[in-house]
2 protein chains.
Amino acid sequence: MKERTSTPSTQDYLKHIYELTQNGRPASTNDLARELDIKPASVTGKIQKLAKDKPALVEYQKHQGVSLTPSGKKAALEVIRHHRLLETWLVQTLGYSWDEVHAEAERLEHVISEDLERRIAAALGNPTRDPHGELIPTDGLKMPNEDTTPLSALRPNQNATIRRVSAQDENLLRHLNDLGLVPGVRLEITDFSPFDNNLTIKCGTQYFVLGSNITTKIFVEVVNSSRR
Amino acid sequence: MKERTSTPSTQDYLKHIYELTQNGRPASTNDLARELDIKPASVTGKIQKLAKDKPALVEYQKHQGVSLTPSGKKAALEVIRHHRLLETWLVQTLGYSWDEVHAEAERLEHVISEDLERRIAAALGNPTRDPHGELIPTDGLKMPNEDTTPLSALRPNQNATIRRVSAQDENLLRHLNDLGLVPGVRLEITDFSPFDNNLTIKCGTQYFVLGSNITTKIFVEVVNSSRR
DNA sequence: CCGATAATTTAGTCTTACCTAAATTATTAT
DNA sequence: ATAATAATTTAGGTAAGACTAAATTATCGG
Ligand SMILES: [Mn+2]
Ligand SMILES: [Mn+2]
Ligand SMILES: [Mn+2]
Ligand SMILES: [Mn+2]
């Protein structure tokens, strides 16, 4: 029954460090500043403080970027779990659409208790993905593994199922929703244009030509070609 | 679409000034400090700032206490509406009991958007009272009138319906819930003891003797004695 | 290797919202 | 009316979290 160990500011830093760090490399001051919409100078100050807190939340060396310590990662996953459960809850119980929930969850994630978190999870049947298909960290704060590929990596004749759309741009989300390109949907690649990287996909009876701005944000599970 | 005009701290000040001011007199620095669990010196500082903001939220003269300006009252009612809608929502959709919701709502009230407020209200069918029976300010931020009497003012042979329990003490709330003394319940006064102000009430088939610590917190609607 | 450019850090400020200790002003009871 | 007491305010301080401007350090093309 600890509750309220870090501030909203700290939680947002950790969350974004977690995301930026997914590629294996430390997060740069500049990238973090852009994501957080905070000036780089301020970011330096904050991560220096995070790095020398009693249990350090962050590993940091000048000019080398930041990464999370085990405690920092735990705290980050806690916030991410809050965020994704909240988004799921808002969509499922209050009729939000997937392009409307992010800002709301962004604020709520910092103030809900562990008790509320558990009640929401239970009420939703302990969901494993949020409305965008993002994986929800478990109660024990483990991030499940996922085996998806960016749609942009597929080529003609491959079949796949959309699992996740990693975008926050509300207009893009609305657009994809209008096209029916949402998690769970099955599609087939029918054409690839090597110069602009456009992919033509067949989805139900419809065909769409999608640029790489879109195809790099849609993550799919490839369906094993049953022909050999 | 203004959104996020004042801070959580300011909102809590306004909310408590609103409550303390219900008796018609300005709220004293000390009372406010006790309610907010903040030192009196800090309260003085804060209300001085609130009093000389662009549109003043508070009326204040040294040593005379504080009261709300029209804008301050509006802001207070906005927070109170949030709080009470949230409590209702948590109880009705997540199985919270009325003694568990307060702390949660106390934090959520400051971060929900007007959009979420409206969706919650709509999902609940625009309720007029929260789980404790407190009136919920309208969408237009008017506080409805209410015509209730403290149970402590009743005398033998009077009948009444419980409308509201104004207590935050979780143990008291649990106790009253166990006794079945919750909003909507009908009761009759069967005895009054003038020295300790104890009231004996009949509620269904049960009799309870309640001290004034309890009876001043239960507000009832008196049932017109149909005998004349 | 070197200079230009880009990234990062330092230094110094600001605001909000608290705090403690001390001073002041009100109130109250003789 | 006054002295004690209680309430309130002032003064001065801290910590978080941001900002700007200036200095420093990396990196990269030639
Ligand atoms: Mn989101
Ligand atoms: Mn956030
Ligand atoms: Mn409450
Ligand atoms: Mn509050």
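Sequence lines set the chain letters: A, B, ... in the order given, protein chains first and strands last, and positions in each chain run from 1. Keep in mind it's a predicted model, so treat the numbers as computed, not measured.
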Worksheet item: What's the CD1-C1' distance between A/Ile38 and D/dA18, to the nearest Å?
Response: 7 Å
Item to complete: Return yes when atom CZ of B/Arg174 has more than 12 non-hydrogen atoms of other residues, nucleotides or ligands closer than 6.0 Å, and no otherwise.
Response: yes
Fill in: Length of the CG-P vector between A/Asp53 and D/dA15, whole Å
13 Å
Fill in: salt bridge (Lys or Arg N to Asp or Glu O under 4.0 Å) involving A/Glu100 - partner list, sequence neighbours excluded
B/Arg119
Discussion item. Protein within reach of the bases, or only the backbone? For nucleotides 1-16 of chain C, mark each nucleotide 5' to 3' as B, S or -, using heavy atoms under 4.0 Å.
Written reply: ------SSBB------
Response to the item:
Nearest heavy-atom approach of A/Ala56 to A/Ala51 is CB-O, 3.3 Å
Item to complete: Please confirm whether B/Lys46 makes a cation-pi placement over B/Tyr13, using NZ or CZ under 6.0 Å from the six-membered ring centre and within 45° of the ring normal.
Response: yes
Fill in: Spacing between A/Leu57 atom CG and D/dA16 atom C1', to the nearest angstrom
15 Å
Worksheet entry | Validation row, ring centre A/His102 to ring centre A/His132 under 6.0 Å | no
Fill in: Test applied, salt bridge (charged side-chain N to carboxylate O under 4.0 Å, His left out); reference residue, A/Lys15; option that passes from A/Glu106, A/Glu35, A/Glu78
A/Glu106
Item to complete: Please state how far atom CG in A/Asp12 lies from atom C1' in D/dA18, giving the value in whole angstrom units.
Response: 14 Å
Fill in: Distance, rounded to the nearest Å, where B/Lys39 contributes NZ and D/dA6 contributes P
18 Å
